[in-house]
Amino acid sequence: MLALVSGGVASGKSEIAENLAVSLNKGKMAYIATMAASDEECRNRVVKHRRMRDGKGFNTFEFPYGLSEKIPILSGCDTALLECMGNLIANEMYLQERSPQEAIECIRNDIRLLAATVPNTVIVTSTIFEDFKAYDDFTTGYIRVLAEINSAIAAAADVVIESVCAIPVIHKGMKELSGYENLV
């Protein structure tokens, strides 16, 4: 199962995605952390998220970019939770200096490979398209890449959930989720 869990900043999407991953899992479970903790705020978020996952059975892998090279490590996992697509895109564009089109192609390939390797893949992503602010060209490019990647994953996903004020809204895959309890 490929699932996409989206939402705004601090909307509760991480908890929903973790609960979904734990419910789907029937074996080894991976948490793919994509944040490059470069400042105090980022380090605090990493600590917060580690506490949230504590005791849930995740094996954490820190892959801020270059996911496809590291996916073989995940073979044998039943479930992988990738958090967060926004960080992965930013790292591919800024740290790896990929153009928007290169980032899109790279990440689409990464996700196809990840979903083919791990039976249950849950991807957390952000929605940052709703403020109607004007940004510089580089930031606008990043936002467009995130929108295109989110759309591609949603189209391919079995399940698409949006977290609205920590309330899961299932946009796609109600039938796929019906056999599980306490998913969200």
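Here the structure is a predicted model, which is why all the values come from computation and not from measurement.
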*asked:* Once rounded to the nearest 0.5 Å, what's the spacing between atom CG of N150 and atom CG of L146?
replied: 4.5 Å
*Could you give the distance from CE (M29) to OG1 (T60), rounded to the nearest 0.5 Å?*
10.0 Å
*Answer yes if F61 and I123 sit in the same cluster of Ile, Leu, Val, Met, Phe, Trp and Tyr residues linked by side chain heavy atoms under 4.5 Å apart, and no otherwise.*
yes
*Any side-chain heavy-atom pair from C84 and S126 closer than 4.5 angstrom?*
yes
*Do you know which two heavy atoms are closest between G86 and T125, and how far apart they sit?*
N-OG1, 4.4 Å
_Distance-minimising heavy-atom pair for A36 and L95_ = CB-CD1, 4.1 Å
*asked:* Suppose the criterion is salt bridge (charged side-chain N to carboxylate O under 4.0 Å, His left out): which pairs have a residue in residues 95-107, not counting sequence neighbours?
replied: E92-R98
*For T127, all residues meeting side chain to side chain donor-acceptor pair (under 3.5 Å), sequence neighbours excluded*: none
*Summary of salt bridge (charged side-chain N to carboxylate O under 4.0 Å, His left out) pairs that have at least one residue in residues 55-76, sequence neighbours excluded*: E18-K56, R50-E62
*asked:* So, taking the atom named NZ in K175 and the one named CD1 in I170, what distance separates them when rounded to the nearest 0.5 Å?
replied: 15.0 Å
*asked:* Listing request: all ring pair (Phe, Tyr, Trp, His ring centres under 6.0 Å) pairs with a residue in residues 142-166, at least two apart in sequence or in separate chains.
replied: none
_Can you tell me how far apart CD1 (I32) and CG (L88) are? Round to the nearest 0.5 Å._
9.5 Å
*asked:* If the condition is side chain to side chain donor-acceptor pair (under 3.5 Å), which residues does S6 pass it with, not counting sequence neighbours?
replied: none
*Between CG of L177 and CG of L20, what distance do you get to the nearest 0.5 Å?*
6.5 Å
_side-chain contact (heavy atoms from CB on, under 4.5 Å) against A17, all qualifying residues, sequence neighbours excluded_ = V5, L81, V122, V124
*Find out whether Q96 and N91 are in side-chain contact, i.e. whether some heavy atom of one side chain is under 4.5 Å from a heavy atom of the other.*
no
_Where A155 and K172 come nearest, the two heavy atoms and their spacing_ = O-NZ, 3.0 Å
*Do you know the tightest heavy-atom contact between A80 and L114?*
CB-CD1, 4.4 Å
*In Å and rounded to the nearest 0.5 Å, what is the CD to SG distance from Q101 to C106?*
11.5 Å
*Spell out, yes or no, whether I167 and V9 are grouped together once hydrophobic residues are joined by side-chain heavy atoms under 4.5 Å, including indirect joins.*
no
*Does some side-chain heavy atom of F63 sit less than 4.5 Å from a side-chain heavy atom of T34?*
no
*Close side-chain approach of N109 and L67, heavy atoms under 4.5 Å*: no
_Which residues share a side chain to side chain donor-acceptor pair (under 3.5 Å) with T139, sequence neighbours left out_ = D136
*L4 side chain near I161 side chain, heavy-atom distance below 4.5 Å*: no
*Which residues share a side-chain contact (heavy atoms from CB on, under 4.5 Å) with K26, sequence neighbours left out*: D78, Y180
*Is there a donor-acceptor pair under 3.5 Å between the side chain of D158 and the backbone N or O of L2?*
yes
*Tell me the salt bridge (charged side-chain N to carboxylate O under 4.0 Å, His left out) pairs involving residues 106-125, sequence neighbours left out?*
none
*asked:* For E148, give me all partners under side chain to side chain donor-acceptor pair (under 3.5 Å), at least two apart in sequence or on another chain.
replied: none
*Do V169 and I153 share a hydrophobic cluster (ILVMFWY, side-chain heavy atoms under 4.5 Å, transitive)?*
no
_salt bridge (charged side-chain N to carboxylate O under 4.0 Å, His left out): pairs with one or both residues in residues 30-42, sequence neighbours excluded_ = E40-R43
*So do the side chains of M35 and P64 get within less than 4.5 Å of each other, counting heavy atoms only?*
no
*Can you find a heavy atom in the side chain of Y31 that is under 4.5 Å from one in the side chain of L82?*
no
*Set of side-chain contact (heavy atoms from CB on, under 4.5 Å) partners for K28, sequence neighbours left out*: N59, C77
*Spell out, as yes or no, whether a donor-acceptor pair under 3.5 Å connects the side chain of K13 to the backbone of E162.*
no
*Going by atom types only, do S14 and E83 share a side-chain donor-acceptor pair under 3.5 Å?*
yes
*How about Y65: does its OH atom have over 12 heavy atoms from other parts shown lying under 6.0 Å from it?*
no
*Atom of I107, atom of I89 and distance for their closest heavy-atom approach*: CD1-CG1, 3.4 Å
_V159 side chain near M1 side chain, heavy-atom distance below 4.5 Å_ = yes
